[in-house]
Amino acid sequence: MSIEVRNLVKKFDDKVVINDISFKVSDGEVLAIVGFSGSGKSTVLKLISGLIPYDSGEILTSSGDIAMVFQYSALFDSLNVFDNISFALRERKDLRKKYSKNDLQKIVAQKLELVGLKGIENKFPSELSGGMQKRVSFARAIVTNPNTILYDEPTAGLDPMSSTLIEDYIVSLKHEINAASIVVTHQMSTILRTADRVIMLYDGKIVFEGTPTDLLKQDTPYTKQFVTASLEGPMKMKA
Amino acid sequence: MISLAQYIKKSATYKIFSNIFEECIKFLNTIGQIAQIGFHLIKCILRDGISFKELAYQCERFGISSLPITLSIVGMTSIIVSSQVANEMVKQGGADFIGLLMTILIVREVGAVMSGFAITSMIGSSLASELATMRVTEQVDAIDVLSVDSVGYLFIPRVLSGIIMMPLIVIVASAIGIVLGGITSNLFSGLTYRAYFTSVWLGLYMKDLFVSIIKSAVFGGAIALISCTCGYYASGGAKGVGIATTKAVVWSFIAIVVWDMVFAMLFFF
Ligand SMILES: Nc1ncnc2c1ncn2[C@@H]1O[C@H](COP(=O)(O)OP(=O)(O)OP(=O)(O)O)[C@@H](O)[C@H]1O
Ligand SMILES: [Mg+2]
């Protein structure tokens with residue numbers, strides 16, 4: 001067990017957004033969550049990371065750090081890239097004073113190289129493109145070597161090469177530190193390259209669960225509609 | 001036919017009272033939030049200490065950037081008051097008391113209150129919109145997910161800078177106000193500087209200075225705490241940032257007036 005969700009229910013006011021869902025992600029496994037816009041994917045990640053309270057059910061995570069890559073990067077815009085990435089190492093109670101300025105510089109440089117952005121430590125988020133911000137936020141999230149990682153559309157808005165870079169890194173994290181990861185994504189390439197299993201959300205419920213190959217088989221109305229991106233099918237766009 | 005209950009619910013009086021009731025609930029809710037955060041901050045400071053680098057940065061922002069506006073507002077108020085007072089006092093034969101009167105007025109009330117209003121409009125609004133923007137762009141969530149206490153990280157340097165800088169601002173502003181009062185009395189009413197400043201000394205009580213310093217520290221802390229709290233609990237995009245900022249300014253103004261009344265009752269009756 002690394003992440004286990006049981007009978008989770010979340011309402012915003014009277015609107016049920018997550019309606020009794022259960023799933024598991026083991027250590028060293030990547031679960032992809034797919035589903036149309038507004039189906040509750042980001043909400044699931046926020047519930048697991050403890051940012052918002054849930055109404056009923058249970059969420060169990062193994063001890064250790066939970067990291068999250070936000071859908072819209074959420075970089076600290078008053079801090080430069082160096083301070084953003086080293087934030088947890090400098091400000092966390094149990095970590096601060098553990099690293100010298102030199103250590104921090106080395107760690108940040110290494111993480112930046114990893115996301116293909118060497119030497120931009122002194123830039124501010126507003127000076128970066130959307131895709132660069134996304135990659136910096138990725139570097140910021142993984143700086144403490146977390147063992148549970150939640151990615152909210154980590155490759156959305158990235159060029160194909162940067163996407164591949166991030167996808168490869170998600171996979172390498174699962175091998176190297178045996179991380180349990182959840183990737184919310186719309187991108188087929190990301191699903192195929194990273195995911196061991198896929199669940200599809202619709203209307204707050206899980207309507208499909210299986211491997212990426214199962215998804216591609218299109219043998220249920222839901223998977224068929226999703227893979228062919230069709231407007232016809234059981235899932236309706238709602239305002 | 002509509003029933004009495006429906007009739008009452010439709011009436012304007014009912015609407016007004018239910019609105020007032022709702023506002024009262026919101027009012028209590030906000031006070032609760034502010035108090036809760038205040039206690040949390042004290043706990044954080046005792047447990048984790050203070051980051052002096054960030055505190056220095058916030059002090060500079062609180063004190064230096066607001067100084068021109070604060071000094072102008074306090075200075076101009078002093079000019080206005082002294083021009084009215086001096087004329088009348090000279091006519092009534094009380095020229096010897098102009099400096100004393102101005103000093104008491106400025107040290108006890110004008111300096112701290114006017115500075116408070118100026119600081120609220122400059123610093124309070126900027127603190128609130130800053131934190132509210134961080135909230136709606138999920139930067140506050142990002143702090144929490146990185147296991148850093150977002151309240152401690154954001155509030156401690158900002159609130160402490162208010163407590164530290166506000167007394168300094170008020171002292172400088174009050175001194176300038178007193179001097180400007182002298183110049184105005186001289187220009188408009190022909191009062192000699194000697195007469196004015198001799199009487200200033202008479203009006204300068206240790207107790208007044210002491211109360212003024214405590215009072216401005218409370219104002220500074222309250223403005224920062226209220227503004228940060230309003231920003232921290234913002235929600236819902238650009239509109240939410242606007243609402244939070246308005247709320248911060250209104251609440252800070254109210255807090256200044258209420259605290260001023262409390263201090264007046266505690267120390268001068
Ligand atoms: N703070 C909130 N208050 C009220 N409703 C919310 C809130 N956050 C999300 N919702 C609602 O919950 C539903 C799910 O939102 P969520 O952000 O989880 O969708 P999503 O699957 O991540 O969509 P997307 O693919 O567009 O990012 C939406 O209908 C949204 O309107
Ligand atoms: Mg989302």
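All values below come from the heavy atoms of this structure, side chains included, with hydrogens, waters and symmetry mates left out. All figures in this text were calculated on a predicted structure; none of them were measured in a lab. Letters A, B, ... mirror the listed sequences (proteins, then strands); counts begin at 1.
- For Ile120(A), the side chain to side chain contact (heavy atoms under 4.5 Å, CB included) criterion is met by Val81(A), Leu112(A), Leu117(A), Lys123(A), Leu128(A), Val136(A), not counting sequence neighbours.
- The minimum heavy-atom distance between Ala74(A) and Ala142(B), with the atom names listed, is O-CB, 3.8 Å.
- No part of Leu89(A) comes within reach of chain B, as not one of its non-hydrogen atoms sits under 4.5 angstrom from that chain.
- The NZ atom of Lys46(A) lies 6.0 Å from the CG atom of Asp141(B); values are rounded to the nearest 0.5 Å.
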Would Leu146(B) and Arg140(A) count as a side-chain contact (heavy atoms from CB on, under 4.5 Å) if you check the C-alpha gap in whole Å, the side-chain angles of each, and the deciding distance to 0.1 Å? CA-CA 9 Å; Leu146(B) 291 167; Arg140(A) 178 181 69 182; 3.9 Å; yes
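- Of the listed residues (Leu75(A), Leu150(A), Asp94(A)), the one with the most heavy-atom contacts under 4.5 Å to chain B is Leu75(A).
- For Asp77(A), the parts lying near chain B are the backbone and the side chain together; criterion is any non-hydrogen pair under 4.5 Å.
- Only the side chain of Leu51(A) has a heavy atom closer than 4.5 Å to any heavy atom of chain B.
- Each of Asp144(B), Val140(B), Ile143(B) has some count of heavy-atom pairs under 4.5 Å with chain A, and the biggest count is that of Ile143(B).
- Using a 4.5 Å cut-off between heavy atoms, Ser147(B) touches chain A through backbone and side chain atoms alike.
- Note that CZ of Phe70(A) is 10.0 Å distant from CD of Gln139(B), once rounded to the nearest 0.5 Å.
- In this structure, CZ in Arg90(A) is found 9.0 Å from OG in Ser51(B), a value given to the nearest 0.5 Å.
- Contact annotation for Leu95(A): neither backbone nor side-chain heavy atoms come within less than 4.5 Å of a heavy atom of chain B.
- Proximity of the aromatic rings of Tyr153(B) and Phe87(A) is defined here by a centroid distance below 6.0 angstrom, and this criterion is met.
- Annotation: residues 17-49 of chain B contacts chain A through Arg47(B), Asp48(B) [non-hydrogen atoms, separation under 4.5 Å].
- Taken from CD in Glu138(B) to CE in Met68(A), the straight-line distance is 6.5 Å, to the nearest 0.5 Å.
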